[in-house]
Number of protein chains: 2
Amino acid sequence: MNEVLQNFREVLIEKPVDVIIRQIKELLVSGQLKPGDKLPPERKLSEQFGVGRTHVRDAIRKLEFYGILKTRPQSGTFVASIGITALGNLIADVLKIDSPSFVSLVETRVLLETASVTLACERRTHEDIIQLELSLNNYLDKAGLGIKAVEEDLMFHLTIADLSKNKALKSLLLIIIPDIIANYSIFKVCDTVTNKALSEHKALFDCIREGDGERGARIMKEHLKGVMDFAQSLVQ
Amino acid sequence: MNEVLQNFREVLIEKPVDVIIRQIKELLVSGQLKPGDKLPPERKLSEQFGVGRTHVRDAIRKLEFYGILKTRPQSGTFVASIGITALGNLIADVLKIDSPSFVSLVETRVLLETASVTLACERRTHEDIIQLELSLNNYLDKAGLGIKAVEEDLMFHLTIADLSKNKALKSLLLIIIPDIIANYSIFKVCDTVTNKALSEHKALFDCIREGDGERGARIMKEHLKGVMDFAQSLVQ
DNA sequence: AATCGCTTATTGGTCAACCAATTTCTCTTT
DNA sequence: AAAGAGAAATTGGTTGACCAATAAGCGATT
């Protein structure tokens, strides 16, 4: 298959779902639909937009996923109660196809992970340390043999996020990590196992065990610096 | 309607979609499906799980949304190429209904916004400052009259995120802000307009205009401290 | 006049059939 | 035997009809 053409087409054609979403968005920002209002029935919308009900349902699902709509079976779909202006902008932003740049992703990852390790140092329990050690060993066992251990690497980082006891933080990391991985494969980021990486993982573990948040943050930044440098080199 | 009962039922019943997602997840973690593999056709899956094809499609959509699956029309649905172990854990985590606590959300918001304002101070252009001033005035105009200006408040913060030139950062803020708003209404957070809030917004603007990142971060933390204190008071 | 109960209409949920693009197979041709 | 064209099967996409739960309307009863 021609990948380039494929991507080209993907940009050009606006999928039916996206058309509907935009239309519903316009109903919202124009004030025809206010928070708490009931949306017209799916049949009506599909007729109004001249499109199948399936597409309307898909659009509603997606909007629901973003917390903008709330549908109650056999009753109707409602606009979530949030300010209308903010809503319009939220939708516009969320649905815009502005995939964050690799630099943005890595920059944000550094931010989240630094906070993650700092919090982990403060909040980890004795059991947490045992769990983290298991995760560390999983990584060391594989990486020590010179084998790529991307999964184990990530799991170690996610475990640290777990110890931060901040679910929101961990969720956000879960969101951006797949994107980072995708970019890794696109740009063929060098992923040779270095002794540096190995010792840094060990050092991170030590910091968390000893509760040295400041040093943990420093090591994390250093640990991710390589990726950051690479990301920045792509831009120039 | 009895809201309590509603919530109760909502927890109890496992929707068909979630059942399918769990089944597909088991196919993944058990190794029957490896990254890059093609999933059985939708018809086969629906037959195998003893459920309508619609539900299978819904499940695939959701998994696709999380970046776990990738479906190509008239060709098939494939498992995204990411380590299987990490995958299993990602799915387990993402689909777990562990709504982050309010404290987590606010804590993370403080983190993101602090970084946001720091970056904005470094990277803002002349045009950015004009735009931010507009946003600020929108807020001041409404809030100055003693009217609640939640939307304008949020928009000001989002504009700052915009000036940070970090799309990932802004996207993440967009993700958690609705959650925070939801909690605001649940817990009836006091949202009286205070002179303190007004002057802090102005101060944030000044910092960004003058490029004083350090002071900007300090003010942002102070600005969100009230919310943070409230969130923590709920726990105790 | 207000309220309770039944009937009817509306609504989102579900399903099975159909469509068009893709892939696979097979037969022809070189 | 290899390559190519074309038919047949497979696949995700789409549609319209049907289902069950809810809401609305209406009339009898108190």
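All figures in this text were calculated on a predicted structure; none of them were measured in a lab. Throughout, a chain's letter reflects where its sequence line sits, starting with A, and its residues are numbered from 1.
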Salt bridge (charged side-chain N to carboxylate O under 4.0 Å, His left out) with Asp58(A): which residues, sequence neighbours excluded? Arg61(B)
Glu107(B) and its salt bridge (Lys or Arg N to Asp or Glu O under 4.0 Å) partner, picked from Lys170(A), Arg123(A), Lys167(A): Arg123(A)
Where protein sits on nucleotides 5-12 of chain D, one letter per nucleotide: B base, S sugar-phosphate only, - none, heavy atoms under 4.0 Å: ------BB
Please check if the number of heavy atoms outside Gln48(A) that lie under 6.0 Å from its CD is greater than 12. yes
Taking only N and O in the side chain of His55(A), is any of them less than 4.0 Å away from OP1 or OP2 of dG13(D)? no
Run the salt bridge (charged side-chain N to carboxylate O under 4.0 Å, His left out) test against Glu42(B) and tell me which residues pass, sequence neighbours left out. Arg53(B), Arg57(B)
Starting from P on dT15(D), measure out to CG on Leu45(A) and report it in whole angstrom. 15 Å
Hey, can you tell me if His201(A) and His157(A) have their rings parallel, tilted or perpendicular (30° and 60° cut-offs)? perpendicular
When the distance from CG of Asp58(A) to P of dT14(C) is rounded to whole Å, what number comes out? 14 Å
